[in-house]
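First up is the structure itself, then whatever we jot down about it.
Keep in mind the model is a prediction, meaning the values are calculated, not measured.
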Amino acid sequence: MISVIIPLYNKELSVKKALESVINQRFKNIEILVVNDGSTDNSVNVVKDFKDKRIRLVEKENGGVSSARNLGINEARYNWIAFLDADDFWFEDHLFKASEIINKHDNVNVISSGFAKAKKNGTIIKKFHVNKSGLYDFFVVSLEIGFATHSSSIFFNKNKFHDLYFDEKLTKGEDTRFWENLGKKDKFYFISDVTALYIEDAENKAIYKHHDLDFTHIYTLDTDSIENESQKKYYKRLISNTIFLIVRKEEKLNDILKIYIKHFRFLGVIGPFNFIFHVFKNKILKK
């Protein structure tokens, strides 16, 4: 049995398709927890229109996606958890392929399918997946393919990580921190097949909003917790890419400086190089 957790906040245009993709799964032994995080649109009524008895609507005051996911984890009746964002989509074999791995491998506690970034009209922009399914280090795979997992592609056995939750203080990168914490505790079984879609242009996307830097994963990152060389390379790239994105979006220069100064000693030589390169490329060459 698998508990599917769908955090919901103002996704009335997307949640129907997301729920349909769960209901139409080839694997049927599931419960579906839709955690409404204080939606103010018509999202809840869209969910209530479904008559599937496996759907359970959990109501809460608005507290952010992390609090919704954490409540879902606590409310889940089954050990295996699968997340699906309310504006994303699963292909019909998504749960079935994970269930095969669960049944065959007693030593697997985290699973991630391949996923693709797509437009809401179905156009695939880019795919992220390993070439061969198997157990891998999360940080090594992330260095190889860019994004190793996504909130709509991951499964984990909550019985094995009973003390692990999303950081509710973070407003950006809270999911990335959760995957990293899982990756520090165990290897991931990566499925090479792409079975989940991340819809880039859905409504009300948090990724396009400006976030207070003090409540982001990158800025609050504790580099002293890094355990090995693969993790060190991963975090250097993550920090540098974040600086690049802030420059590219022409957001606050103050945020760039704060990240750069806080992680200067950790970044070493690569820090100044990337900082100067990205500013030059995106601020100067564009003029």
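Residues Phe155 and His94 bring their aromatic ring centres within 6.0 Å. Phe96 has its ring centre no less than 6.0 Å from the ring centre of Phe27. A distance below 6.0 Å separates the ring centres of Phe178 and Phe156. Between Tyr198 and Phe115, a ring centre-to-centre spacing not shorter than 6.0 Å is recorded.
At a cut-off of 3.5 Å, with distance as the only test, no side-chain donor of Thr195 or Asp193 sits close to an acceptor on the other residue. Between the side chains of Ser39 and Asn36, at least one donor N or O sits under 3.5 Å from an acceptor N or O. Counted by atom type alone, Ser14 and Asp87 present zero donor-acceptor pairs between their side chains at under 3.5 Å. A donor-acceptor contact closer than 3.5 angstrom is absent between the side chains of Asp212 and Thr171. When only modelled atom types and interatomic distance are considered, Arg177 and Thr220 share a side-chain donor-acceptor pair under 3.5 Å. Side chains of Ser113 and Ser153: a donor-acceptor N/O pair is absent below 3.5 angstrom, by distance only.
Linking ILVMFWY residues whenever their side-chain heavy atoms come closer than 4.5 Å, directly or via other members, places Leu164 and Leu221 in the same cluster. Ile226 and Leu182 fall within a single hydrophobic cluster, where Ile, Leu, Val, Met, Phe, Trp and Tyr are joined by side-chain heavy atoms under 4.5 Å apart, directly or via other members. Under the 4.5 Å side-chain contact rule for hydrophobic residues, Ile102 and Ile30 share a cluster. With hydrophobic clusters built from ILVMFWY side chains whose heavy atoms lie under 4.5 angstrom apart, Leu143 shares a cluster with Phe190. Val22 and Ile191 fall within the same hydrophobic cluster, defined by Ile, Leu, Val, Met, Phe, Trp and Tyr side-chain heavy atoms under 4.5 Å apart, directly or through other members.
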Please test Ile32 against Leu19 for side chain to side chain contact (heavy atoms under 4.5 Å, CB included), starting from the C-alpha separation and ending with a verdict. CA-CA 9 Å; Ile32 307 167; Leu19 268 173; 3.9 Å; yes
Could you check Asn45 against Asn42 for side chain to side chain contact (heavy atoms under 4.5 Å, CB included), going step by step and ending with a plain yes or no? CA-CA 6 Å; Asn45 289 329; Asn42 197 46; 2.7 Å; yes
Take Val4 and Leu95 through the test side chain to side chain contact (heavy atoms under 4.5 Å, CB included) and record every step on the way to the result. CA-CA 10 Å; Val4 177; Leu95 295 179; 4.3 Å; yes
Working note: Asn10 + Thr40, criterion side chain to side chain donor-acceptor pair (under 3.5 Å); need CA distance, chi angles, decisive distance, verdict. CA-CA 6 Å; Asn10 290 355; Thr40 57; 3.2 Å; yes
Apply side chain to side chain contact (heavy atoms under 4.5 Å, CB included) to the pair Ile23 and Arg54, showing each step before the final yes or no. CA-CA 9 Å; Ile23 290 169; Arg54 297 172 298 175; 3.9 Å; yes
Expected list for residues 68-81: side-chain donor-acceptor pairs under 3.5 angstrom, two or more places apart:
residue	atom	partner	partner atom	Å
Arg69	NH2	Asp85	OD1	3.0
Asn70	OD1	Phe166	N	2.9
Asn70	ND2	Ser66	O	3.3
Asn70	ND2	Phe166	O	2.9
Asn70	ND2	Glu168	OE2	2.9
Asn74	OD1	Tyr165	OH	2.7
Asn74	ND2	Asn70	O	3.4
Glu75	OE1	Arg56	NH1	3.3

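When atom types are taken as modelled, the side chain of Ser240 and the backbone of Arg237 share no donor-acceptor pair closer than 3.5 angstrom. The closest donor-acceptor contact from the side chain of Asp167 to the backbone of Glu174 lies at 3.5 Å or more, if one exists at all. Although no hydrogens or angles enter the test, the distance criterion places a donor-acceptor pair under 3.5 Å between the side chain of Ser21 and the main chain of Trp90. For the pair Glu12 (side chain) and Asp41 (backbone), a donor-acceptor distance under 3.5 Å is absent. The backbone N or O of Lys119 sits nowhere less than 3.5 Å from a side-chain atom of Thr123 that would complete a donor-acceptor pair. Counting only distance, with no hydrogens or angles, the side chain of His263 and the backbone of Ile218 share a donor-acceptor pair below 3.5 Å. For the pair Ser43 (side chain) and Lys11 (backbone), a donor-acceptor distance under 3.5 Å is present.
Applying the side chain to side chain contact (heavy atoms under 4.5 Å, CB included) test to Glu20 and every residue at least two apart in sequence or in another chain returns Lys16, Asn24, Phe50.
To the nearest 0.5 Å, atom OH of residue Tyr136 and atom CD1 of residue Ile145 are 10.5 Å apart. In this structure, Ile2 CD1 and Lys28 NZ are separated by 13.0 Å, a value rounded to the nearest 0.5 Å. With rounding to the nearest 0.5 angstrom, the NE2 atom of His217 is 9.0 Å from the CG atom of Asp175. Distance check: Arg26 CZ to Lys97 NZ gives 7.5 Å after rounding to the nearest 0.5 Å.
When side chains are defined from C-beta on, Leu197 counts as touching Phe91, because their heavy atoms get closer than 4.5 Å. The shortest distance between side-chain heavy atoms of Ile6 and Val35 does not fall below 4.5 Å. Put simply, the side chain of Thr242 does not reach to within 4.5 Å of the side chain of Ile239, judged on heavy atoms.
Stacking of Lys187 on the aromatic ring of Phe138 is not recorded, the 6.0 Å distance cut-off and the 45° axial limit not both being met. Annotation: cation-pi pair Lys17/Phe89 present, NZ/CZ under 6.0 Å from the ring centroid and within 45° of its normal. A cation-pi arrangement, defined by a distance under 6.0 Å to the six-membered ring centre and an angle within 45 degrees of its axis, is present between Lys258 and Tyr219.
Evaluated for a side-chain contact (heavy atoms from CB on, under 4.5 Å) with His105, the options Asn107, Asn109, Asn103 yield exactly one hit, Asn107.
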